[in-house]
Amino acid sequence: MVGIFVMWLVFAGVVGWVASERDRSPVTWGLLSLLLSPLIGLIALIAAGDGDSGGSENQSPQAMARDAQSKRTCKRDGEKEFPSDTAHCPHCGDVINAEDEMHPRVG
């Protein structure tokens, strides 16, 4: 009986780990699996699909504009975007100034 309980806990933990790999809340999915069953939790997780990875397809125009104002691009490294609140460019390592021409704000 104890072995079954331990396996139930282990598999619920695995479902939580899979949830975190799919950008879902591991605590929520782990608890759901613990209460219902790890198999049901895993099936529900697969049916739910991947979580929101920051894509703009589901954002409102206001949220997209706000996100665009909070980013910069690195012209030295192929126009790659990064958050504007960083002191150094994560791509080329340059120090970011307020009106940096090589790292302009997006938008």
Side-chain angles (χ1 to χ4, degrees):
M1 186 70 170
V2 173
I4 292 172
F5 179 70
V6 170
M7 292 299 290
W8 192 278
L9 286 175
V10 168
F11 286 126
V14 169
V15 171
W17 174 77
V18 171
S20 70
E21 293 295 313
R22 297 175 66 110
D23 293 327
R24 297 282 182 178
S25 170
V27 174
T28 302
W29 286 96
L31 287 176
L32 179 73
S33 297
L34 192 62
L35 294 175
L36 299 177
S37 94
L39 181 61
I40 292 173
L42 185 62
I43 291 170
L45 178 61
I46 291 170
D50 289 342
D52 184 24
S53 59
S56 62
E57 59 272 357
N58 294 328
Q59 288 184 338
S60 68
Q62 295 85 3
M64 289 186 340
R66 185 177 58 245
D67 286 348
Q69 290 173 351
S70 66
K71 292 186 179 183
R72 291 184 178 266
T73 59
C74 179
K75 288 191 173 187
R76 291 191 180 141
D77 197 18
E79 302 285 330
K80 292 184 180 175
E81 292 185 355
F82 61 95
S84 65
D85 59 348
T86 58
H88 298 286
C89 175
H91 304 292
C92 68
D94 283 355
V95 175
I96 305 296
N97 298 322
E99 295 300 323
D100 195 341
E101 290 182 17
M102 291 307 288
H103 301 92
R105 290 188 186 271
V106 177

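For the numbers below, each heavy atom of this structure counts, side chains included, while hydrogens, waters and symmetry mates do not.
Members clustered with L35: none, using a 4.5 Å side-chain heavy-atom cutoff among hydrophobic residues. Chaining together hydrophobic side chains whose heavy atoms lie under 4.5 Å apart places I43 alongside L39.
Residues passing the side-chain hydrogen bond (donor to acceptor under 3.5 Å, both in side chains) test with T28, sequence neighbours excluded: S25. Remark: V6 pairs with V2, V10 by the side-chain contact (heavy atoms from CB on, under 4.5 Å) rule, at least two apart or across chains. Under the rule for a side-chain contact (heavy atoms from CB on, under 4.5 Å), the partners of S20 that lie at least two apart in sequence or sit in another chain are W17, P26. Every residue two or more places apart in sequence or in another chain that forms a side-chain contact (heavy atoms from CB on, under 4.5 Å) with A44 is listed here: W29.
The nearest pair of heavy atoms linking F11 to P38 is CB-CB, 3.6 Å. Here the closest heavy-atom approach between residue L42 and residue S33 is recorded as N-OG, 4.4 Å. Heavy atoms only, all atoms of each residue included: A12 and L34 are closest at CB-N, 3.9 Å. Residues C92 and C89 share a closest heavy-atom pair of N-SG, 3.4 Å. When all heavy atoms of I96 and R72 are compared, the pair lying nearest together is CG2-NE, 3.6 Å.
Note: the hydrophobic cluster containing I46 also contains V15 (ILVMFWY, side chain heavy atoms under 4.5 Å, direct or indirect links).
Checked by atom type and distance alone, the side chain of R24 pairs as donor or acceptor with a backbone atom of A48 at under 3.5 Å.
Rounded to the nearest 0.5 angstrom, L45 CG and I40 CD1 are separated by 13.5 Å.
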request  = With side-chain contact (heavy atoms from CB on, under 4.5 Å) as the test, would you mind laying out the steps for S37 and W8 before giving the verdict?
outcome  = CA-CA 8 Å; S37 94; W8 192 278; 3.5 Å; yes
